[in-house]
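In what follows, a single structure is set out as structure tokens and then discussed.
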Amino acid sequence: MNKVVVGAQWGDEGKAKITDLLAADAEVIIRYQGGCNAGHTVVANNKTYKFHLIPSGILYGNKTCFIGAGTVILPESFEKEVNELIEEGIDVSGLKVSPLASITMPYHTEVDGYSEDNAKKGKIGTTKKGIGPTYTDKVARFGLKIEDLYSPEALNEKLDVILPLKNKTLEKVYGLQPYSKECVLALCEKYAEIFRPYVCFDWQEMLENSRKKQILFEGAQGVMLDVDYGTYPFVTSSNPIGGGACTGSGYGPKMIDEVIGVAKAYVTRVGEGPFVTELTDETGDKIREIGHEFGVTTGRPRRCGWFDAVTMRYAVLVGGLTSVALTKIDVFDSFDEIKVCTAYKDTRDGKIYKSYPTNVYIHKYLEPVYETHKGWGEDITGIREYNKLPENAKKYLARLEELLEVPISIVSVGPDREQTIFRG
Ligand code: GDP
Ligand code: IMO
Ligand code: MG
């Protein structure tokens with residue numbers, strides 16, 4: 001069974017924990033989109049590992065971990081991550097990078113930082129890792145790919161086209177320093193060395209040979225940050241949805257059997273953008289504190305709110321989810337009441353939205369319609385069987401399944417590998 005792990009909310013749902021668990025049965029793990037904007041945490045062997053780009057399956061040491069064509073790679077970040085794993089004694093011999101992946105150049109990071117720091121209006125709250133500008137150049141056919149680093153002729157030709165216009169934009173639009181061709185060539189030489197041990201020039205053969213193997217596709221970010229389906233423009237610049245696994249990996253849709261959407265028992269969001277169930281009161285603070293809701297990549301406090309079945313049903317639809325892995329339900333152990341948003345109400349005319357309204361500019365007029373569930377008031381972090389969960393926790397899960405119309409196949413009750421309940 002080939003599976004895709006997709007974030008079902010605004011990222012940080014605990015995808016890496018679920019990917020790491022499912023990777024035990026996979027032979028090939030493919031990261032299909034995003035870059036080092038992602039911050040993925042795996043707790044295993046009494047250690048906490050932080051990943052940004054490298055597939056979480058790397059910890060097993062004996063898997064092929066492929067960074068696909070749909071990703072963008074900041075070379076220095078990749079190098080740092082690999083070196084940290086090597087220092088930890090992790091075997092990275094299975095790590096492979098697609099020659100078609102896009103390179104984040106220093107000017108991409110500078111432009112991202114400039115745009116964020118100088119935005120008077122419409123700030124996105126990006127991770128400033130150059131993600132948007134790298135994807136922009138890729139789509140504008142102005143980007144550099146890993147394979148260019150090993151083809152001096154292509155690199156030369158491309159830079160002659162890219163640099164004059166790039167420099168004009170850098171100077172005139174952003175007031176930033178231009179890049180000489182010599183400087184970019186020197187950077188590319190350095191990058192070629194960073195990637196050399198990992199570039200998978202025979203990726204077609206590798207994918208062909210892996211057809212009969214168990215493949216796990218690893219997504220970053222989440223459906224609500226998808227550039228086509230998320231809370232646009234407050235999104236990332238790639239396609240975290242299940243469909244993104246195809247374009248980003250090089251495999252067709254028939255290669256996918258299951259799409260597992262990872263969702264927290266509540267919702268968090270980092271950066272700007274609408275968030276109808278956001279709690280700006282002490283309940284939000286309590287969730288943040290108990291759930292340790294601070295960004296892995298930027299350290300920013302995450303905005304917290306109640307579970308939102310409106311966006312989640314939307315995520316089931318456009319994310320192509322076949323089941324849900326519900327994480328962090330243990331965060332509610334000390335809560336008397338837990339709320340779930342089942343619809344939105346427009347405060348202007350009372351209109352009820354059961355389906356997700358895609359025009360985010362009306363979200364400021366929307367308020368959540370909640371139903372309230374009783375808490376269970378006990379520590380569930382040691383429970384490993386579904387039937388042993390407190391009745392109120394089971395009722396809560398059953399209600400979510402009813403609202404989402406897909407099964408909750410995994411319940412996570414703590415950050416550790418072992419703190420997981422698999423259902424049938
Ligand atoms: P990702 O980006 O989706 O992989 O998620 P992050 O790693 O950014 O954030 C999830 C955080 O929650 C990490 O610190 C995980 O160790 C932690 N975590 C994952 N599952 C659970 C869970 O079921 N309970 C608790 N308490 N923490 C969890
Ligand atoms: P993981 O994989 C949460 C958010 C940023 C910002 C928006 C655009 O750990 O779930 P970008 O730098 O991508 O251009 O920023 O997307 N964002 C994330 N939020 N988790 C992530 O990754 C994120 N990656 C980007 O905060 O709002
Ligand atoms: Mg994260």
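Excluded from the calculations below are hydrogen atoms, water molecules and symmetry mates; all remaining heavy atoms, backbone and side chain alike, are included. Order of appearance sets the numbers: ligands from 1, and atoms from 1 within every ligand.
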* **Test side chain to side chain donor-acceptor pair (under 3.5 Å) applied to Lys17 and Ser412, step by step** => CA-CA 9 Å; Lys17 166 174 170 168; Ser412 173; 2.9 Å; yes
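- For atom 6 (P) of ligand 1, the nearest non-hydrogen atom of the protein is Gly39 O, 3.6 Å.
- In this structure a side-chain-to-backbone donor-acceptor pair under 3.5 Å is missing from Gln221 to Gly34.
- Using modelled atom types, one side-chain atom of Glu116 and one backbone atom of Thr126 make a donor-acceptor pair closer than 3.5 Å.
- Ranking protein heavy atoms by distance to atom 16 (O) of ligand 1, first place goes to Pro415 CB, 3.4 Å.
- One option in Gly125, Ala16, Gly271, Gly35 has a heavy atom closer to atom 6 (C) of ligand 2 than any other, and that option is Gly125.
- The shortest N or O to N or O distance between Glu272 and ligand 2 is not under 3.5 Å.
- Atom 27 (O) of ligand 2 has as its closest protein heavy atom Val270 O, 3.0 Å.
- Of the residues Arg31, Lys15, Glu218, the one that meets the side chain to side chain donor-acceptor pair (under 3.5 Å) test with Ser56 is Glu218.
- Ionic pairing of Lys3 and Asp25 is not present here: no N-O contact between side-chain nitrogen and carboxylate oxygen is shorter than 4.0 angstrom.
- Residue Val413 touches ligand 1 through its backbone alone, judged by heavy-atom distances below 4.0 Å.
- Checked by distance only, ligand 1 and Val331 stay at 3.5 Å or farther apart across all their nitrogen or oxygen atoms.
- A salt bridge links Asp285 to Arg288: at least one charged side-chain nitrogen sits closer than 4.0 Å to a carboxylate oxygen.
- Taking the ring centre of Tyr365 as origin, the terminal cationic atom of Arg348 falls inside the region bounded by 6.0 Å and 45° from the ring axis.
- Set against the non-hydrogen atoms of Ala16, the atoms of ligand 1 under 4.0 Å away are 4 (O).
- Proximity to Ser412 (heavy-atom distance under 4.0 Å) selects the following atoms of ligand 1: 20 (N), 21 (C), 22 (C), 23 (O).
- Geometry about the Mg ion (ligand 3) gives an angle of 160° between O of Gly39 and OD1 of Asp12, rounded in steps of 10 degrees.
- Of the protein's non-hydrogen atoms, Thr236 OG1, 2.6 Å is the one closest to atom 13 (O) of ligand 2.
- Of all protein heavy atoms, the one lying nearest to atom 12 (O) of ligand 2 is Thr127 OG1, 2.5 Å.
- Residue-ligand proximity: Arg269 is placed with every non-hydrogen atom at 4.0 Å or more from ligand 2.
- Closest heavy-atom approach to atom 7 (O) of ligand 1 among the candidates Asp330, Asp12, Thr41: Thr41.
- Of the protein's non-hydrogen atoms, Val235 O, 3.3 Å is the one closest to atom 8 (C) of ligand 2.
- Comparing Lys17, Lys328, Gln221, His40 by heavy-atom distance to atom 17 (C) of ligand 1, the nearest is Lys328.
- The aromatic rings of Tyr361 and Phe234 sit tilted, their planes meeting at an angle between 30° and 60°.
- For the pair Gln177/Glu171, no side-chain contact is recorded, criterion being any heavy-atom separation below 4.5 Å from C-beta on.
- The shortest heavy-atom distance from Gln221 to ligand 2 is under 4.0 Å.
- Proximity of Lys128 to Thr109: side-chain heavy atoms (C-beta onward) are nowhere separated by under 4.5 Å.
- Comment: Glu79 does not engage Lys190 in a salt bridge, judged by the lack of any side-chain N to carboxylate O separation of less than 4.0 angstrom.
- The ligand atoms of ligand 1 that sit less than 4.0 angstrom from a heavy atom of Gly414 are 20 (N), 21 (C), 22 (C), 23 (O), 24 (N), 25 (C).
- Contacts between Arg302 and ligand 1, counted as non-hydrogen atom pairs separated by less than 4.0 Å, involve the side chain only.
- Taking a 4.0 Å cut-off on heavy atoms, Gly39 registers as neighbouring ligand 2.
- Using a 4.0 Å cut-off between heavy atoms, Phe234 makes no contact with ligand 2 at all.
- What you find for Trp306 and Glu337 is that their closest heavy atoms are CH2-O, 3.6 Å.
- The ligand atoms of ligand 2 that sit less than 4.0 angstrom from a heavy atom of Trp10 are 3 (C), 19 (N).
- The closest approach between Arg300 and ligand 2 falls below 4.0 Å for a heavy atom of the residue.
- Salt-bridge annotation for Lys123 and Glu272: absent, with no side-chain N of the basic residue lying under 4.0 Å from a carboxylate O of the acidic one.
- Atom numbering of ligand 2 starts at 1 in the shown order; those under 4.0 Å from a heavy atom of Lys15 are 1 (P), 2 (O), 10 (O).
- Heavy-atom contacts of Leu225 reach the following atoms of ligand 2: 4 (C), 16 (O), 17 (N), 18 (C), 19 (N) (cutoff under 4.0 Å).
- Remark: the backbone N or O of Val259 is paired with a side-chain donor or acceptor of Thr322 at under 3.5 angstrom.
- Within the 4.0 Å heavy-atom cutoff, Asp112 does not count among the residues contacting ligand 2.
- Every atom of ligand 1 is numbered from 1 in the order shown, and the set under 4.0 Å from a heavy atom of Lys15 is 1 (P), 2 (O), 3 (O), 4 (O).
- Under a cutoff of 6.0 Å and an axis angle of 45°, Lys286 and Phe335 form a cation-pi pair.
- Scanning both residues, Val340 and Tyr396, for their nearest heavy atoms gives CG2-CE1, 3.5 Å.
- Atom 3 (C) of ligand 2 has its closest protein heavy atom at Asp12 OD2, 3.2 Å.
- Looking only at side-chain heavy atoms (C-beta outward), Leu163 and Tyr179 come within less than 4.5 Å of each other.
- Atoms of ligand 2 found under 4.0 Å from any heavy atom of Ala220 (numbered from 1 in listed order, with element): 2 (O).
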